[in-house]
2 protein chains.
Amino acid sequence: MTPFSRHPLDAAILNLGGAHQFSEAEQSAIKKLPITIRLFRPQQDIVHENGPSTQCCIILDGWTCRHQSFEAGHRQISSLHIPGDLPDLQSLHLNDPDFGMTALTKARVAFVPHANMHRLIERFPAIGTAFRREAQVSAAIQRAWLSSLGRRDARGRLAHLFCELYLRLGAVGITDGYILPMPLRQTDLADAVALTPVHVNRTLKDFRISGLIKLQVRKLEILDWPGLRAVSELNPQYLHQK
Amino acid sequence: MTPFSRHPLDAAILNLGGAHQFSEAEQSAIKKLPITIRLFRPQQDIVHENGPSTQCCIILDGWTCRHQSFEAGHRQISSLHIPGDLPDLQSLHLNDPDFGMTALTKARVAFVPHANMHRLIERFPAIGTAFRREAQVSAAIQRAWLSSLGRRDARGRLAHLFCELYLRLGAVGITDGYILPMPLRQTDLADAVALTPVHVNRTLKDFRISGLIKLQVRKLEILDWPGLRAVSELNPQYLHQK
DNA sequence: CGCTTATTTGACCTCGCTCAATCTGGGTGG
DNA sequence: CCACCCAGATTGAGCGAGGTCAAATAAGCG
């Protein structure tokens, strides 16, 4: 783990490997992938909602989201992605994306041509297995969101989102105690939990008054974890961490 | 395709194969899987929400659903499954299920031990690929549901569900023109689209009055497909059919 | 034909939406 | 260094889609 061993895909390798880490050979094969790195500004499209893609992307830095738009101008964010995530494995198997992806913050994203990914899977079945596992984990997170939208009220939804982020960010070592980065605007939060920005604002105020959280500039501090967790009815099983 | 070629897993093979069907060798390997077939009555649990499973299941007959329960007694259905579906590939990779699965109708379900599935994937990488593809398709369907709950009103949600079912059932040849089986009770519909049974009832009445559908005993007839589709804002891309 | 489960309808209420105005803080140009 | 700007956050007032509760009707089924 000397500084020399740093590679842009390190976080992704760690993330994908999960419980049983990749072998040396597998890791170095991943690191030899021909990647193109691009920078994005907040609100910039990474993958357009229509139009096929020939590359997979890997989040190196910053936050991105998948979303779908509606005629009335509303949009629904269906997942949030942080460094180490591979949010577009779907395009390896399906031609038409059913979602758009955009940056929520400044973001650094690596792109790998599909052909290279397919070859990688062929040569290293364990990587194929890891991709299947990753698909299942992110499907599980999506299910949790689905239930959240379906059956939780405004407080529950926001609390659940915060708890999930706390755990996910903690797993990749981005938290500082109970303080986590929170680069999303209230508008973005609203699109994620399917509320209006106005109501998100009111609910956050409610949380603040109840002493559950403190939300400053781009930083969220969880003041009362048991309390927030109770509001969220969180069952962290679905994250399948560790 | 003589009657002699009928095998309980035929539908699943067709479903999984997708665009590029399996080779003879692959197909016969699948058919040689040691399956246990069990029958379930409506509302009976197939996979419990807690407790690990050591088998994958394949729906042979009937409808099932995945769902999550909440403390207040509510439940959210996160997906519906019809014959040919493999709704529990997740358990191949993740130990703890984050959902329960129950039969919505009388159902015939085949079970295959994980070990045999893993061996199958090892020997036939194309089957591993098919499993990845299947995971992505069902994730896409879940995303569509998620957006539906988040951004559509009661009419939109129900219409969207009906349109999706029409297309999915059509793809496996279960529809008869615009008539499709609809074994779900209004309570089940409510749990799927996150409304109360009462409001589902009112919305169905509204559809009936608008001449969009006819809903009789266990049968749904779509009287005005363009109309229903307009209400649903359906973009069938996400089903990735064909 | 009686019993249970599902559907239907009515009356009332509430959570979250809409619309609109105001406040705030960080960035920018003079 | 300061006045200005502008995106984002905050607050208020009124409304409506969908929820709740309760009762009536209809449909399976032994």
Side-chain angles (χ1 to χ4, degrees), chain A residues 41-44 63 70-76 102-106 148-161 181-210 213-220 231, chain B residues 41-44 63 70-76 102-106 148-161 181-210 213-220 231:
Chain A
R41 351 203 86 271
Q43 324 308 328
Q44 192 183 347
W63 294 37
F70 283 79
E71 290 171 13
H74 290 137
R75 76 170 181 172
Q76 178 63 47
T102 82
L104 293 171
T105 66
K106 275 200 230 178
S148 221
L149 298 198
R151 295 301 182 198
R152 274 187 256 260
D153 62 9
R155 300 181 87 231
R157 287 185 215 174
L158 262 180
H160 190 267
L161 178 61
M182 176 43 65
L184 307 198
R185 300 167 301 174
Q186 295 186 358
T187 306
D188 300 320
L189 289 174
D191 287 344
V193 296
L195 296 169
T196 50
V198 172
H199 202 70
V200 165
N201 184 282
R202 292 193 227 271
T203 309
L204 289 175
K205 183 182 176 186
D206 175 308
F207 282 179
R208 237 180 283 124
I209 293 175
S210 323
I213 64 164
K214 196 156 87 185
L215 188 51
Q216 311 136 318
V217 262
R218 321 282 86 150
K219 286 232 177 315
L220 169 69
V231 174
Chain B
R41 351 204 86 270
Q43 323 307 329
Q44 192 182 349
W63 293 36
F70 284 80
E71 292 171 14
H74 290 137
R75 78 171 180 171
Q76 176 64 47
T102 81
L104 292 170
T105 65
K106 275 199 230 179
S148 221
L149 298 198
R151 295 301 182 198
R152 275 186 255 261
D153 62 9
R155 300 181 86 231
R157 288 185 213 172
L158 262 180
H160 190 267
L161 178 61
M182 175 45 64
L184 306 198
R185 299 166 301 172
Q186 295 186 0
T187 306
D188 300 320
L189 288 174
D191 286 345
V193 298
L195 296 169
T196 50
V198 172
H199 202 69
V200 165
N201 184 281
R202 292 194 228 272
T203 309
L204 289 175
K205 182 182 176 187
D206 175 309
F207 281 0
R208 235 180 284 125
I209 292 174
S210 322
I213 64 164
K214 196 156 87 183
L215 187 52
Q216 312 134 316
V217 261
R218 321 283 89 146
K219 287 231 178 315
L220 169 69
V231 173

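Worth knowing before you read on, the calculation uses all heavy atoms, side chains too, and leaves out hydrogens, waters and symmetry mates.
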Calculate, to the nearest 0.5 Å, the distance between atoms [atom1] and [atom2] belonging to [X] and [Y] respectively.
| X | Y | atom1 | atom2 | value |
| --- | --- | --- | --- | --- |
| Ile213(A) | Met182(A) | CD1 | CE | 8.5 Å |
| His160(B) | Leu158(B) | NE2 | CG | 12.0 Å |
| Arg155(B) | Arg202(B) | CZ | CZ | 15.0 Å |
| Thr102(A) | Asp188(A) | OG1 | CG | 8.0 Å |
| Leu195(A) | Leu189(A) | CG | CG | 9.5 Å |

Would you mind classifying the nucleic acid contact of [X] as base, sugar-phosphate or nothing, using non-hydrogen atoms under 4.0 angstrom?
| X | value |
| --- | --- |
| Leu204(A) | nothing |
| Arg157(A) | nothing |
| Arg155(B) | nothing |

(message) Looking at Lys205(A), I'd like to know whether one of its side-chain N or O atoms comes within less than 4.0 Å of OP1 or OP2 on dT10(D).
(response)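 Checking Lys205(A) against dT10(D): no side-chain N or O falls below 4.0 Å of OP1 or OP2.
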
Starting at atom [atom1] of [X], determine the distance to atom [atom2] of [N], rounded to an integer number of angstrom.
| X | N | atom1 | atom2 | value |
| --- | --- | --- | --- | --- |
| Gln216(A) | dG8(D) | CD | C1' | 17 Å |
| Arg152(B) | dG18(D) | CZ | C1' | 18 Å |
| Lys219(B) | dG28(D) | NZ | P | 13 Å |

Backbone N or O of [Y] within a donor-acceptor pair of the [X] side chain at under 3.5 Å?
| X | Y | result |
| --- | --- | --- |
| Gln76(B) | Ala192(B) | yes |
| Arg157(A) | Val193(A) | yes |
| Arg218(B) | Pro181(B) | no |

(request) Walking along DNA chain C from 5' to 3', note the first and the last nucleotide with an atom under 4.0 Å from a heavy atom of chain A, and give both. (result)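 Using the under 4.0 Å cut-off, the span is dG16(C) to dC19(C).
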
(request) Nearest-nucleotide wise, let me know which of Pro197(B) and Ala194(A) is further upstream toward the 5' end of DNA chain C. (result)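 First, find each residue's nearest nucleotide; the 5'-ward one identifies Pro197(B).
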
(message) Assess, by modelled atom type and distance only, whether the side chains of Asp191(B) and Thr187(B) contain a donor and an acceptor separated by less than 3.5 Å.
(response)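 Side chains of Asp191(B) and Thr187(B): no pair found under 3.5 Å.
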
(request) Count the heavy atoms of every other residue, nucleotide or ligand shown that sit under 6.0 Å from CD of Glu71(A), and state whether that count exceeds 12. (result)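 Open.
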
(message) Give me the atom names and distance for the closest heavy-atom approach of Thr105(B) to Trp63(B).
(response)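 Taking Thr105(B) first and Trp63(B) second, the nearest heavy atoms are OG1-N, 2.9 Å.
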
(request) Can you sort out which residues in residues 184-192 of chain A have a heavy atom within less than 4.0 Å of DNA chain C? Ascending by number, please. (result)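 Correct list: empty, so none.
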
Check nucleotides 20-27 of chain D against the protein and report each pair of N or O atoms closer than 3.5 Å, with its distance, or say if there are none.
| from | atom 1 | to | atom 2 | distance (Å) |
| --- | --- | --- | --- | --- |
| dT20(D) | O4 | Arg202(B) | NH2 | 3.0 |

